[in-house]
Amino acid sequence: MALVDFEQTVTCPPPAGRGGDFKRGGLVSTQRDANLNVVRRWVDEVFNQHQLESVEHLKVPDYVDWNPYPGQDIALAGFKAVLASWTKAFPDFRYDVDEELAEGDIVVCIGKWYGTHTEQYMGMPPTGTKLSARRIDIVRLAGDKMTERWGTGNELQMLKFLGVAKPAVALDRADGPEGVLRRFVTEVLENKNLASIDELVDQDARGTATEMITFIALSAVLDGMTASIDQLSVDGDRVSSTLSIRGAFAREFWDTAPDGEPIEVQGALSARLNGGKIVDLDLDLPLEPIAVRLGLPADLLSSATTTVAPTGSPGDGRFVLRSFVQDVLNQHRLHKVSGLVVDRARDYLQESLTTAALFAAFPDHQFNIERVVIDGQRVTVLATFAGTHRGTFLGIEPSGRGVTTRSISLFTVEDGKITDLIFNFDLHTLLTQLGAFPDAGMFGATAG
């Protein structure tokens with residue numbers, strides 16, 4: 001099925017709880033309500049009540065799952081087999097939806113799933129392991145049935161549970177806040193260890209998006225990146241330090257050809273901890289020294305403009321996000337950030353750190369937008385993510401393989417700028433292409 005962006009929009013009254021006009025692709029409120037009700041039934045009856053017989057009532061016979069688990073048949077039978085296996089092994093499985101967005105025949109769900117491993121699963125005896133993850137799912141509807149789905153989740157706990165990610169060393173509370181921060185800098189910022197992200201960072205931890213975007217870009221263009229801290233101080237539940245990022249300038253950055261010489265950034269970080277995990281992180285990575293090191297014009301940072309041809313006004317979410325993806329994520333033109341993202345914008349830290357690990361392992365990555373869904377100030381971007389495996393990822397040494405997976409990211413755009421964001425990727429498809437799962441995959445018996 002072809003993917004087509006909604007380019008023609010009309011203004012409709014806002015849904016309850018939201019102020020101001022917003023744009024929707026020809027969607028009247030009754031259609032919106034009907035679409036949301038179908039998806040709510042899917043979540044309630046199928047995921048939370050485990051009524052598998054409801055699947056046929058809510059999805060068309062030729063339903064397609066574009067982001068199946070490894071080895072899962074993309075058709076309806078594959079979805080049912082996976083769900084039956086999962087709910088049997090995790091009988092308390094539930095999916096809590098935090099937010100619903102809608103445009104045209106599309107509904108987007110953002111939420112978290114939870115489950116406890118109390119029955120045998122894929123040959124593994126019950127462990128009592130509690131798993132959870134944040135997901136973003138996009139479904140298309142025709143009438144009162146779902147026809148196709150795209151979904152991504154930062155399912156780091158599941159990857160550890162399946163043995164794909166080697167568990168990180170458990171937190172030792174005796175280490176205190178200083179020990180947590182030192183481990184975070186070495187294992188996460190420097191080594192990009194996804195298992196350590198889950199061990200050291202709370203699932204709902206937030207961070208400063210603008211500074212994290214700089215760190216993500218540096219992860220892609222520097223070889224042999226190191227991260228070190230000094231001058232640690234603790235004040236209650238907050239620990240702070242200076243931060244030094246260093247690496248060889250190996251790939252094009254900010255329209256500047258690499259020279260192989262070091263780039264070093266002196267900054268700072270401050271983390272708030274709760275229960276031994278980071279729940280809030282403030283990074284400070286100044287751009288000016290980087291621009292000077294690259295020999296860029298002195299006034300570049302004060303003249304931020306967008307260059308992608310707009311599909312609407314500069315405040316249109318589509319225009320903002322297309323510019324952000326092309327200029328910032330694909331081209332690492334960091335002077336564009338201030339024109340597209342508000343200062344002190346917020347992100348979800350686990351997902352942003354996973355993005356940095358992906359950029360480091362697939363440094364020639366490119367995003368290609370497939371669909372943009374707008375509901376008020378909230379903008380969802382479905383894109384392919386493609387790159388060459390040139391760095392270690394989840395312990396898998398560089399293979400030179402080209403991989404393609406999907407990304408679903410969610411943004412808030414206010415007055416023409418991003419104020420909040422979540423990056424999300426289909427890691428299972430990516431890891432399958434790297435050989436992390438057996439040839440049959442997790443659910444090979446259902447493939448056909």
Side-chain angles (χ1 to χ4, degrees), residues 168-169 171-194 196-197 199-202 205-250 253-254 261-294 296 298 301 332 334-335 337-338 341-350 352-357 359-360:
V169 176
L171 276 170
D172 186 347
R173 294 179 182 269
D175 290 341
E178 302 97 326
V180 173
L181 192 65
R182 290 188 186 278
R183 283 191 60 185
F184 173 77
V185 170
T186 300
E187 298 176 25
V188 177
L189 297 187
E190 180 171 305
N191 295 332
K192 312 294 191 296
N193 186 327
L194 296 191
S196 293
I197 292 175
E199 185 68 30
L200 301 171
V201 180
D202 187 83
R206 305 300 300 269
T208 49
T210 46
E211 306 296 331
M212 187 56 66
I213 289 166
T214 300
F215 176 74
I216 290 170
L218 290 171
S219 298
V221 303
L222 299 184
D223 275 351
M225 176 190 279
T226 62
S228 59
I229 56 176
D230 199 2
Q231 301 178 26
L232 270 75
S233 63
V234 178
D235 182 8
D237 61 357
R238 185 167 288 276
V239 56
S240 305
S241 74
T242 60
L243 172 66
S244 176
I245 301 291
R246 180 183 174 88
F249 181 20
F253 183 30
W254 226 335
E261 296 298 318
I263 288 179
E264 185 167 1
V265 184
Q266 299 292 337
L269 76 165
S270 178
R272 184 167 63 84
L273 278 65
N274 185 22
K277 288 192 173 185
I278 295 172
V279 296
D280 187 88
L281 183 75
D282 284 335
L283 274 177
D284 179 16
L285 294 173
L287 294 181
E288 290 81 0
I290 303 175
V292 171
R293 162 64 177 84
L294 298 180
L296 299 176
L301 292 176
H332 310 306
L334 296 185
H335 65 287
V337 174
S338 63
V341 185
V342 300
D343 187 35
R344 311 300 293 177
R346 305 293 282 169
D347 65 351
Y348 277 89
L349 192 55
Q350 277 204 2
S352 291
L353 292 168
T354 300
T355 304
F359 277 35

Item to check | Beyond-backbone contact of Phe215 with Met225, side-chain heavy atoms, under 4.5 angstrom | outcome: yes
Checklist entry - Taking C-beta and beyond as the side chain, do Arg346 and Thr208 meet within less than 4.5 Å on heavy atoms? => result yes
Next on the checklist: Working note: Asn193 + Glu199, criterion side-chain contact (heavy atoms from CB on, under 4.5 Å); need CA distance, chi angles, decisive distance, verdict.
Outcome noted: CA-CA 10 Å; Asn193 186 327; Glu199 185 68 30; over 6 Å; no
Checklist outcome for this item: Residues Ala227 and Leu243: closest non-hydrogen pair is CB-CD1, 4.4 Å
Checklist entry - With a 4.5 Å heavy-atom cut-off, do Gln266 and Thr242 have their side chains touching? => result no
Item to check | For the student: nearest non-hydrogen atoms of Ile229 and Arg182, plus distance | outcome: CD1-CG, 3.9 Å
Next on the checklist: Once rounded to the nearest 0.5 Å, what's the spacing between atom CG of Leu281 and atom CD of Glu211?
Outcome noted: 10.5 Å
Next on the checklist: Applying side-chain hydrogen bond (donor to acceptor under 3.5 Å, both in side chains) to Ser244 and Glu264, what does each step give before you reach the verdict?
Outcome noted: CA-CA 7 Å; Ser244 176; Glu264 185 167 1; 3.1 Å; yes
Next on the checklist: Please evaluate residues Val180 and Val239 with respect to the criterion side-chain contact (heavy atoms from CB on, under 4.5 Å), reporting the C-alpha separation (whole Å), side-chain torsions for both, the decisive distance (0.1 Å), and the verdict.
Outcome noted: CA-CA 9 Å; Val180 173; Val239 56; over 6 Å; no
Checklist entry - Between atom NE2 of His332 and atom CG of Leu218, what is the distance when rounded to the nearest 0.5 Å? => result 9.5 Å
Checklist outcome for this item: Value for CG (Asp280) from CZ (Arg206), rounded to nearest 0.5 Å, stands at 9.0 Å
Item to check | Closest non-hydrogen atom pair between Val265 and Pro286, with its separation | outcome: CG1-O, 4.1 Å
Next on the checklist: Can a donor-acceptor pair be found, under 3.5 Å and without considering hydrogens, that links the side chain of Asp284 to the backbone of Gly267?
Outcome noted: no
Next on the checklist: Leu296 vs Leu301, test: side-chain contact (heavy atoms from CB on, under 4.5 Å). Steps then yes/no.
Outcome noted: CA-CA 9 Å; Leu296 299 176; Leu301 292 176; over 6 Å; no
Item to check | Side-chain donor or acceptor of Glu178 paired with backbone N/O of Val234 under 3.5 Å | outcome: no
Checklist entry - What's the shortest heavy-atom distance between Thr186 and Glu190, and which atoms? => result O-CB, 3.3 Å
Item to check | Side chain to side chain, Arg183 and Val169, heavy atoms closer than 4.5 Å | outcome: yes
Next on the checklist: Between Arg293 and Pro262 (side chain of the first, backbone of the second, donor and acceptor by atom type, cut-off under 3.5 Å), is there such a pair?
Outcome noted: yes
Checklist entry - Which atom pair, heavy atoms only, marks the closest approach of Ala357 to Leu194? => result CB-CD2, 3.7 Å
Checklist entry - What distance separates Leu200 CG from Leu353 CG, expressed to the nearest 0.5 Å? => result 10.0 Å
Checklist entry - Are Phe253 and Leu222 close enough that some pair of their side-chain heavy atoms sits under 4.5 Å apart? => result no
Per-pair distances, 0.1 Å, donor-acceptor, side chain in residues 268-275, under 3.5 Å, sequence neighbours excluded:
residue: Ser270; atom: OG; partner: Arg238; partner atom: NH1; Å: 2.9
residue: Ser270; atom: OG; partner: Ser240; partner atom: OG; Å: 3.0

Checklist entry - Can you name the nearest heavy-atom pair linking Lys192 to Leu189, along with the distance? => result NZ-O, 2.7 Å
Checklist entry - Do the side chains of Asp343 and Ser338 get nearer than 4.5 Å, heavy atoms only? => result no
Next on the checklist: Over 60° means perpendicular and under 30° means parallel, so tell me whether Trp254 and His335 are parallel, tilted or perpendicular.
Outcome noted: parallel
Checklist entry - So do the side chains of Thr214 and Ile290 get within less than 4.5 Å of each other, counting heavy atoms only? => result yes
Checklist entry - Considering only heavy atoms from C-beta outward, does the side chain of Asp347 approach that of Ile213 to under 4.5 Å? => result no
